[in-house]
2 protein chains.
Amino acid sequence: MALRHAVLAALLDEELSGYQLAKAFDLGVANFWHALPQQLYTELAKLEKDGLVTGREVVQDTRPNKRLFKVTEAGLAELERFAATANKPSFIRDDLLVTVQAADHVDTDEVIAQLTERAAFADAKIELFGGLLRQMRGDRSEEEFLRHGERIGPYLTCLRGLAFEEGNRDWCHRSAAILRERRTAHAQR
Amino acid sequence: MALRHAVLAALLDEELSGYQLAKAFDLGVANFWHALPQQLYTELAKLEKDGLVTGREVVQDTRPNKRLFKVTEAGLAELERFAATANKPSFIRDDLLVTVQAADHVDTDEVIAQLTERAAFADAKIELFGGLLRQMRGDRSEEEFLRHGERIGPYLTCLRGLAFEEGNRDWCHRSAAILRERRTAHAQR
DNA sequence: CCATGATAGTCAATTAAGTGACTAATCGCT
DNA sequence: AGCGATTAGTCACTTAATTGACTATCATGG
């Protein structure tokens with residue numbers, strides 16, 4: 001029951017439409033919560049029904065009209081309640097790890113290919129997060145920003161995302177290197 | 001559709017009962033895939049129906065009887081197929097990150113408490129994974145084991161789990177420290 | 001001027017995941 | 001002798017997540 005809180009947290013900084021929210025969940029927000037557009041539209045409807053967000057119609061002549069949502073007082077209170085109670089440890093579900101777990105029983109070339117692909121994906125994320133961080137802290141140093149910035153939550157989660165992807169990249173490179181070396185060694189026998 | 005592959009990957013090394021599998025998914029395996037006992041019993045039944053695993057009844061007199069499952073040839077082929085096609089990037093869903101995202105809008109003490117709790121959890125995991133790694137490599141060095149060990153898949157995934165939890169721990173400590181400092185600075189004004 | 005892609009969604013249906021309660025045996029402990 | 005913990009599950013139910021198809025409008029490139 002935490003998608004709703006992820007949506008509330010994402011709407012704290014700016015009013016967003018369902019569509020924009022979906023974009024956000026595809027980029028930075030996906031860093032702390034993953035969700036598909038469908039879920040977001042559904043969840044926004046529920047949140048509005050429960051009075052945790054309010055939507056307002058914005059008429060556009062160049063684009064289709066949209067509804068921008070913002071968090072209400074009740075929504076903030078709900079987030080507060082959530083912060084005080086929630087603590088399910090995060091769980092991982094990763095196809096790549098499943099594949100590597102089975103590495104000794106499946107085609108090594110495939111595993112190496114998957115690892116390489118994931119490393120590239122991680123690199124893209126690392127660049128993305130690096131850019132987001134620079135943007136958030138502006139001309140301040142990280143230390144300075146974290147000390148005195150007025151909105152550091154997104155910065156902290158982005159730092160975690162960055163470290164996570166760096167971890168992914170390093171592990172992918174190392175694992176691929178090991179598998180390559182073993183393949184070579186095996187071929188030489 | 002990857003829980004089935006996670007189960008197959010987990011059953012590669014040893015025959016397990018549903019109950020044992022559930023234990024495993026609560027410990028090490030949870031490192032690459034999270035699932036509840038319910039799901040595992042259900043999935044095992046499906047896998048058996050589809051001929052990807054076979055179960056055999058083991059009569060115990062000291063304990064209730066159990067059914068041990070092992071992967072069939074068809075199961076191995078299915079894993080092979082999976083390894084060659086799957087590549088959904090792993091997604092994160094973490095209550096704690098949602099909380100930290102909202103850190104500037106909710107009670108700082110609560111956020112710090114959650115971070116501290118998670119750091120302790122990460123420490124426990126780090127110890128657990130460290131032990132598992134030692135056990136897997138035996139008296140060999142890591143390098144030696146990874147070069148010549150005959151079953152390195154679980155070792156590699158465990159390494160990722162270890163690095164992940166170390167990342168968690170470090171990030172939790174740093175974030176908590178930053179929030180504590182800001183709280184103090186704010187109080188002094 | 002037509003196709004493609006971005007914006008901004010909705011509806012229906014299925015699958016996966018999670019919750020809660022319940023059975024049954026044995027072991028250790030008090 | 002009885003209580004709780006551990007082993008080894010099953011059944012019913014609800015909620016969350018995913019898949020796929022569909023409707024519009026407008027802008028841009030060829």
Side-chain angles (χ1 to χ4, degrees), chain A residues 1-8 15-27 29-30 33-50 53 55-69 82 86-95 98, chain B residues 1-8 11 15-27 29-30 32-50 53 55-69 82 86-95 98:
Chain A
M1 236 191 31
L3 168 60
R4 59 189 310 128
H5 303 106
V7 170
L8 289 172
E15 277 185 305
L16 292 173
S17 66
Y19 189 79
Q20 291 172 301
L21 199 57
K23 294 273 159 194
F25 268 75
D26 225 44
L27 297 177
V29 181
W33 203 270
H34 162 86
L36 300 168
Q38 267 312 323
Q39 267 177 287
L40 298 173
Y41 285 116
T42 310
E43 197 61 42
L44 279 172
K46 280 194 224 163
L47 282 166
E48 193 178 23
K49 200 196 66 193
D50 296 347
V53 304
R56 64 186 178 91
E57 186 89 14
V58 172
V59 179
Q60 304 182 119
D61 37 86
T62 121
R63 294 275 159 212
N65 296 348
K66 61 182 173 184
R67 302 199 66 218
L68 292 183
F69 294 91
F82 171 79
N87 210 343
K88 291 193 193 170
S90 79
F91 48 81
I92 298 174
R93 284 185 175 134
D94 191 334
D95 284 1
V98 172
Chain B
M1 238 192 29
L3 168 61
R4 59 190 311 125
H5 304 105
V7 170
L8 289 172
L11 287 176
E15 278 186 305
L16 292 173
S17 65
Y19 189 79
Q20 291 172 301
L21 199 57
K23 293 273 159 191
F25 268 76
D26 225 45
L27 297 176
V29 182
F32 65 88
W33 203 272
H34 162 87
L36 300 168
Q38 265 312 322
Q39 266 178 287
L40 298 174
Y41 283 116
T42 310
E43 196 62 41
L44 279 173
K46 280 194 223 162
L47 282 166
E48 194 178 21
K49 200 195 69 194
D50 297 346
V53 304
R56 63 183 178 92
E57 186 87 14
V58 172
V59 179
Q60 303 182 119
D61 38 85
T62 121
R63 293 275 158 211
N65 296 347
K66 61 183 173 183
R67 301 199 66 217
L68 292 182
F69 295 91
F82 171 80
N87 210 344
K88 292 195 193 168
S90 79
F91 50 80
I92 299 174
R93 285 184 174 133
D94 191 334
D95 285 1
V98 174

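Numbered from 1 within each chain, the chains take letters A, B, ... in sequence-line order. As the structure is a computational prediction, the values presented were derived from the model and not from experiment. Values below: all heavy atoms of this structure, side chains included; hydrogens, waters and symmetry mates excluded.
Taking the 5' to 3' direction, DNA chain C first and last meets chain A under 4.0 angstrom from a heavy atom at C:dA6 to C:dT19.
Note: A:K66 NZ to A:L16 CG = 9.0 Å, rounded to the nearest 0.5 Å. Taking CZ from A:F91 and CZ from A:R93, the interatomic distance works out to 5.0 Å, rounded to the nearest 0.5 Å. The distance from atom CD of A:E43 to atom CG of A:L8, rounded to the nearest 0.5 Å, is 8.5 Å. Rounding to the nearest 0.5 Å gives a distance of 8.5 Å between NE2 of A:H34 and CG of A:D26. For the atom pair A:F69 CZ and A:E15 CD, the distance stands at 10.5 Å (nearest 0.5 Å). A:Y41 contributes atom OH, which lies 12.0 Å from atom CZ of A:R67 (distance to the nearest 0.5 angstrom).
To the nearest angstrom, P of D:dT23 lies 17 Å from OH of A:Y41. The separation between B:Q60 atom CD and D:dG9 atom C1' is 12 Å, rounded to whole Å. Spacing between atom CG of A:L47 and atom P of D:dA16 amounts to 11 Å, rounded to whole angstrom units. Going from atom CZ of B:R63 over to atom C1' of D:dT7 covers 5 Å, rounded to whole Å.
In this model, the phosphate group of D:dA16 is not approached by any side-chain N or O of A:Q39 to a distance below 4.0 Å at OP1 or OP2. OP1 and OP2 of D:dT18 both lie 4.0 Å or more from every side-chain N or O belonging to B:K88. Not one side-chain nitrogen or oxygen of A:T62 sits closer than 4.0 Å to the OP1 or OP2 atom of D:dT25. For D:dA8, the OP1/OP2 oxygens have no side-chain nitrogen or oxygen of B:Q20 closer than 4.0 Å. Contact between the side-chain N/O atoms of A:H34 and the OP1/OP2 oxygens of D:dT18 is found at a separation under 4.0 Å. Residue A:K46 places at least one side-chain N or O under 4.0 Å from the OP1 or OP2 atom of D:dA16.
Between A:P64 and B:N65, the one whose closest nucleotide on DNA chain D sits nearer the 5' end is B:N65. Between A:D61 and A:A35, the residue anchored closer to the 5' end of DNA chain D is A:A35, taking for each the nucleotide with the nearest heavy atom.
In this structure a side-chain-to-backbone donor-acceptor pair under 3.5 Å is present from A:Q20 to A:S17. A donor-acceptor pair under 3.5 Å is absent between the side-chain atoms of A:R4 and the main chain of A:L47, judged by distance alone.
Closest of all the heavy-atom pairs between B:A22 and B:L40 is CA-CD1, 3.4 Å. Residues B:D94 and A:S90 share a closest heavy-atom pair of OD2-CB, 3.0 Å. The shortest heavy-atom contact between A:D95 and B:A2 is OD1-CB, 3.3 Å. Residues B:W33 and B:F25 approach most closely at O-CD2, 3.4 Å, considering heavy atoms.
Residue-level contact check: A:R93 touches the backbone only, with heavy atoms under 4.0 Å from sugar-phosphate atoms and none from bases.
For the helix from C:dC1-D:dG30 to C:dT30-D:dA1, the terminal axes (five pairs an end, C1' atoms, rotation from four pairs onto the next four) enclose an angle of 30°, given to 10 degrees.
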What pairs of nitrogen or oxygen atoms, one from the protein and one from nucleotides 12-15 of chain D, lie under 3.5 Å apart?
none

